[in-house]
Amino acid sequence: MDKFYHIVTYGCQMNVHESEKIAGILSELGYKSCGAIEEADIVVFNTCCIRENAENHAYGNIGMLKKLKAAKRDMIIAVGGCLPQQINKAGNLHEKFPYVDIIFGTHNLSKLKDYIVRKQSRRKAVIEIEECDGRIEEGDKPLRASYPNAWVNITYGCNNFCTYCIVPYVRGRERSRKSENIIAEVKSLIEQGYKEITLLGQNVNSYGNGGADIPFYELLEKVALLDGNFRLRFMTSHPKDFSEELAKIIAKYPKICHCLHLPVQSGSDSILAEMNRRYTSADYLRKVEILKKHVPDCAITTDIIVGFPGETEEDFKATLELVKKVDFASAFTFIYSRREGTKAASMPDQIPEDICKRRIMELVELVNAQTRVHSAKFVGQIVEVLCEDYDGKRGLYQGRNEYGRMVYFASQNDEIGNFVQVKVNEANGVSLFGDKV
Ligand code: 5AD
Ligand code: SF4
């Protein structure tokens, strides 16, 4: 009889790709994917803890499985990823949800197979949280679910210790994969027909700082030089490590998309210093200038936090000013979330919720206005879209242009995986609509 798995993923692209690795492990054990959680023989929650709401979301969903588990005792529930990796959280999770069978962290994902086998022969929960030992596991066999796009890890962990951020605590010190392994993986993906490769790391620009063989811009060049018809993206870039060499490589190779995610976090120099970002707003603007000098049409996107401890009205205004100056193509905006164990968690002057809400609304309004202007620029243009899905509700195919904008269009053929020329007729927020030409 067939056995089924269901994976619930929270958080960033890194986690989405990690869920593909989890799917790979489960399929090796003979499980097949199923859409409905009720039909699953094993449910894996791949969690995130970057903000409190991501954590609460997971708690809510795990809580909802209590009844199902009572009715279906053989079903295995596993909780992995960043949430249980935090200090004391695995024990708390077990107390709160005693029906969870397996709890594992970010550094022992490859042992999930053993945990499942172990759990099948005992009643007690399997709880295993390991510390990072600096090793990199090669030989994952992810079951990729995002054709024609493929994600490739190049670094793991983070050394930056931005004072608000939990990532260095739950993902360990930064370590880079060997370039030959990365190149071999990308080559094989291209041979399999993948059309868009995204190199992933918390801070891709510092690739190699931990002793890898070449700097990031050289790695990017090597990947861009591979034969085949594919696009190349990378994320995330830390402004302090963004270099002119990298801007030149982006400009030189048509395969590299003119699109850069460069999180600024704040426009206030004193807040940036408190955040331990190691650049000023002027440094950031200089980096943007360097990028635009070499890649004038580059779409720049960013992350911004409002309500960091001690953020004054003036600090917030400085963020709005910077957003106006850079003119981001789009931005992810967040209210600061206090994360236990980080430096900022014990800073005085945590900002009240009502002020945070007002600030984020003002910021979102500005960002949305800029986004609309950026989208409107495409109206009347013919853009190349890599078709990635069919939107059944709209009855339209969808895919991104090189600048990351989602474009919807109609077609009689199955277009998934094709590069399609689309004449844009209409823009709506971050979405574009057009006709295949
Ligand atoms: N609160 C709010 N936003 C955060 N981020 C990271 N940590 C926090 C936090 N504690 C945001 C940053 C980062 C993005 C991935 O998440 O903007 O760039
Ligand atoms: Fe967190 Fe800063 Fe590292 Fe990004 S660079 S993961 S925000 S500590």
Side-chain angles (χ1 to χ4, degrees), residues 9-18 47-57 81-83 85-86 106 132 153-176 200-207 209-210 216 234-242 260-268 271-279 283-284 287 300-311 316 319 322-323 326 328 330-347 350-351 353 355-357 359-360 363-364 367:
T9 309
Y10 306 84
C12 61
Q13 205 50 58
M14 209 81 91
N15 266 21
V16 173
H17 182 42
E18 233 144 60
T47 61
C48 168
C49 65
I50 199 150
R51 281 170 293 275
E52 198 181 354
N53 52 11
E55 227 175 285
N56 289 342
H57 193 183
C82 296
L83 199 165
Q85 189 71 39
Q86 296 170 92
T106 53
C132 175
N153 290 115
I154 66 163
T155 67
Y156 296 95
C158 183
N159 285 351
N160 288 321
F161 287 95
C162 301
T163 54
Y164 50 81
C165 187
I166 193 84
V167 169
Y169 303 92
V170 292
R171 292 273 170 186
R173 294 293 62 71
E174 184 183 289
R175 52 229 183 261
S176 302
L200 284 179
Q202 307 293 350
N203 178 11
V204 290
N205 300 108
S206 65
Y207 174 83
N209 285 357
F216 178 61
F234 55 92
M235 63 176 191
T236 294
S237 296
H238 193 302
K240 78 176 164 55
D241 300 312
F242 181 83
L260 185 76
H261 189 59
L262 199 63
V264 66
Q265 313 298 0
S266 170
S268 152
I271 294 295
L272 286 170
E274 288 294 312
M275 286 176 161
N276 190 32
R277 291 292 289 176
R278 287 173 272 178
Y279 55 82
D283 295 333
Y284 186 90
K287 300 269 169 148
I300 304 172
T301 59
T302 201
D303 295 340
I304 304 167
I305 298 174
V306 301
F308 183 83
E311 185 186 69
F316 174 61
T319 297
L322 183 125
V323 170
V326 178
F328 293 107
S330 65
F332 294 105
T333 52
F334 308 105
I335 291 180
Y336 165 74
S337 173
R338 191 173 168 276
R339 302 284 67 204
E340 205 60 62
T342 62
K343 212 168 160 197
S346 53
M347 285 183 182
Q350 304 274 327
I351 307 297
E353 202 182 319
I355 296 184
C356 290
K357 282 194 172 149
R359 287 182 187 165
I360 200 152
L363 179 63
V364 165
V367 165

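Remember, it's 1-based here, ligands and their atoms both numbered in the order they're listed.
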* Side chain, backbone, both or neither: which part of Arg278 has a heavy atom under 4.0 Å from ligand 2? -> neither
* Is a side-chain donor or acceptor of Gln86 paired with a backbone partner of Leu83 at a separation under 3.5 angstrom? -> yes
* Is there a donor-acceptor pair under 3.5 Å between the side chain of Arg175 and the backbone N or O of Arg173? -> yes
* To do: Establish, from distance only, whether the side-chain atoms of Ser237 and Asn205 form a donor-acceptor pair under 3.5 Å.
  => yes
* To do: Output yes when a side-chain donor or acceptor of Gln202 lies under 3.5 Å from a complementary backbone atom of Cys158, and no otherwise.
  => no
* Contact summary for Ser337 and Glu52, nearest pair of heavy atoms -> OG-N, 2.8 Å
* Asked: Can you tell me which residue and heavy atom of the protein come closest to atom 7 (S) of ligand 2, and the distance to 0.1 Å?
  -> Tyr164 OH, 3.4 Å
* Nearest protein heavy-atom contact for atom 5 (S) of ligand 2: which residue, which atom, what distance? -> Asn160 ND2, 3.3 Å
* Asked: Has Val167 got any heavy atom lying under 4.0 angstrom from an atom of ligand 1?
  -> no
* Short list, please: which atoms of ligand 1 are under 4.0 Å from a heavy atom of Arg339? -> 10 (N)
* Part of Pro168 with heavy atoms under 4.0 Å of ligand 2, whether side chain, backbone, both or neither -> side chain
* Asked: Any heavy atom of Arg171 sitting closer than 4.0 Å to ligand 2?
  -> no
* To do: Measure the acute angle between the ring planes of Tyr284 and Tyr279, then classify it against the limits of 30° and 60° as parallel, tilted or perpendicular.
  => tilted
* Asked: atom 3 (Fe) of ligand 2 to Cys158: any N/O/S contact under 2.8 Å?
  -> yes
* To do: Would you check if the side chain of Gln265 reaches a backbone N or O of Thr302 as a donor-acceptor pair within less than 3.5 Å?
  => no
* To do: Would you mind checking which non-hydrogen protein atom is closest to atom 8 (C) of ligand 1, with the distance to 0.1 Å?
  => Tyr164 CD1, 3.7 Å
* Backbone or side-chain N or O of Asp303 under 3.5 Å from ligand 1 N or O -> yes
* Among Ile351, Val364, Ile360, which residue meets the side chain to side chain contact (heavy atoms under 4.5 Å, CB included) test with Val306? -> Ile360
* Structure fact -> Per-atom filter on ligand 1: closer than 4.0 angstrom to a heavy atom of Ile305 are 3 (N), 4 (C), 5 (N), 12 (C), 17 (O)
* **Candidate list Lys240, His238, Glu174, test side-chain hydrogen bond (donor to acceptor under 3.5 Å, both in side chains), partner Ser206, passing option** => Glu174
* To do: Without swapping roles, check the side chain of Ser330 against the backbone of Thr301 for a donor-acceptor pair under 3.5 Å.
  => no
* Asked: Do any nitrogen or oxygen atoms of Arg51 lie less than 3.5 angstrom from nitrogen or oxygen atoms of ligand 1?
  -> yes
* To do: Note the single closest protein heavy atom to atom 8 (S) of ligand 2, along with its residue, its atom name and the distance in Å.
  => Cys162 N, 3.4 Å
* To do: Would you confirm whether Asn160, through its side chain, and Arg277, through its main-chain N or O, come within 3.5 Å as a donor-acceptor pair?
  => no
* Structure fact -> With heavy atoms and a 4.0 Å threshold, my read on which part of Ile50 contacts ligand 1 is both
* Asked: Which is closest to atom 1 (Fe) of ligand 2 in terms of heavy atoms, Cys165, Pro239, Cys12, Gly157?
  -> Cys165
* Asked: Should you measure from each heavy atom of Tyr336, which atoms of ligand 1 turn up under 4.0 Å away?
  -> 1 (N), 2 (C)
* Structure fact -> among protein heavy atoms, the one nearest atom 10 (N) of ligand 1 is Ser337 O, 2.8 Å
* Between Asn276 and Lys343, is any side-chain donor less than 3.5 angstrom from a side-chain acceptor? -> no
* To do: With heavy atoms only and a cut-off of under 4.0 Å, state how Phe334 meets ligand 1: side chain, backbone, both or neither.
  => side chain
* Under a 4.0 Å heavy-atom limit, does Gln265 contact ligand 1 with its side chain, its backbone, both, or neither? -> side chain
